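Predicted model only: the values in this text are computed from it and were never measured. Basis for what follows: all heavy atoms, side chains included, without hydrogens, waters or symmetry-related copies.
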Amino acid sequence: MSMDDDEYRESLRARSEQAIGELAQTLLDSQVLENAVSAAFGAREKAIEAQHAALSALNVPAAGDVERLERRLRALSQRLEEVEDELDRLRRRN
């Protein structure tokens, strides 16, 4: 590989990085992109609300409801284990 090839590749890499940077900046400054992202997030929120409403109407728990129930069951299980341990300690003392 000659020095000219290395210089060419380095120059091409630098120009490519600059072009990508400029494109990214243009996109970041774009009101159209900002509006599109805002609309997408708004649509996502409305879809989530519709999903929750549909699940509620069908009397089906949402994922958050199931996760909350799972946490409560774990806490209850831990408390039961603590009670069992205490009962075992009391039995050993008697």
Side-chain angles (χ1 to χ4, degrees):
M1 187 178 296
S2 72
M3 190 60 130
D4 288 340
D5 287 343
D6 287 341
E7 289 173 2
Y8 175 75
R9 285 189 176 132
E10 182 60 29
S11 173
L12 182 59
R13 185 189 63 76
R15 288 191 318 255
S16 298
E17 287 177 357
Q18 183 176 356
I20 291 170
E22 289 171 1
L23 176 62
Q25 189 60 50
T26 300
L27 288 173
L28 289 173
D29 294 340
S30 171
Q31 189 64 40
V32 173
L33 179 63
E34 184 178 335
N35 292 343
V37 170
S38 293
F41 280 120
R44 178 181 180 270
E45 289 301 317
K46 287 181 182 178
I48 289 171
E49 289 172 11
Q51 179 185 25
H52 284 280
L55 290 174
S56 181
L58 295 171
N59 202 23
V60 175
D65 298 329
V66 173
E67 289 169 0
R68 236 180 339 276
L69 179 59
E70 184 180 5
R71 284 192 302 273
R72 293 182 74 185
L73 285 173
R74 279 194 199 124
L76 178 60
S77 176
Q78 183 178 2
R79 289 179 186 156
L80 283 174
E81 286 179 19
E82 291 168 359
V83 169
E84 289 174 344
D85 291 345
E86 186 61 29
L87 285 173
D88 288 343
R89 277 190 287 257
L90 290 171
R91 285 186 196 135
R92 279 182 261 153
R93 286 197 321 198
N94 292 332

Evaluate the criterion side-chain contact (heavy atoms from CB on, under 4.5 Å) for residue pair Glu84 and Leu87; output intermediate values, then yes/no. CA-CA 5 Å; Glu84 289 174 344; Leu87 285 173; 5.6 Å; no

Please report the interatomic distance OG(Ser11) to CG(Asp4), rounded to the nearest 0.5 Å. 11.5 Å

Pro61 and Leu55 have their tightest heavy-atom pair at O-CD1, 4.4 Å

Does Ser38 use its side chain to pair, donor to acceptor, with the backbone of Glu34 at less than 3.5 Å? yes

Less than 4.5 Å apart, any side-chain heavy atom of Arg68 and any of Asp65? yes

Tell me whether Phe41 shares a hydrophobic cluster with Leu28, the cluster being built from Ile, Leu, Val, Met, Phe, Trp, Tyr side chains joined at under 4.5 Å. no

Drop me the distance from Glu10's CD to Asp5's CG, to the nearest 0.5 angstrom. 13.5 Å

Looking at CD of Glu81 and CG of Leu76, how far apart are the two atoms once the value is rounded to the nearest 0.5 Å? 10.5 Å

Hey, is Arg89 close enough to Glu86 for a salt bridge, meaning N to O under 4.0 Å? yes

Using a strict threshold of under 4.0 Å (side-chain N to carboxylate O), is an ion pair present between Arg79 and Glu82? no

Evaluate the side-chain contact (heavy atoms from CB on, under 4.5 Å) criterion for residues Arg93 and Leu90: first the C-alpha distance (whole Å), next the side-chain angles of each, then the deciding distance (0.1 Å), finally the verdict. CA-CA 5 Å; Arg93 286 197 321 198; Leu90 290 171; 3.4 Å; yes

Backbone N/O of Glu22 and side chain of Thr26: donor-acceptor pair under 3.5 Å: yes

Donor-acceptor under 3.5 Å (Ser77 side chain, Leu73 main chain): no

Under 3.5 Å donor-acceptor, Asn35 side chain and Val32 backbone: no

In this structure, CD of Glu70 is separated from CD of Glu67 (nearest 0.5 Å) by 7.5 Å

When every non-hydrogen atom of Leu33 is compared with those of Leu27, the smallest separation belongs to CD2-O, 3.1 Å

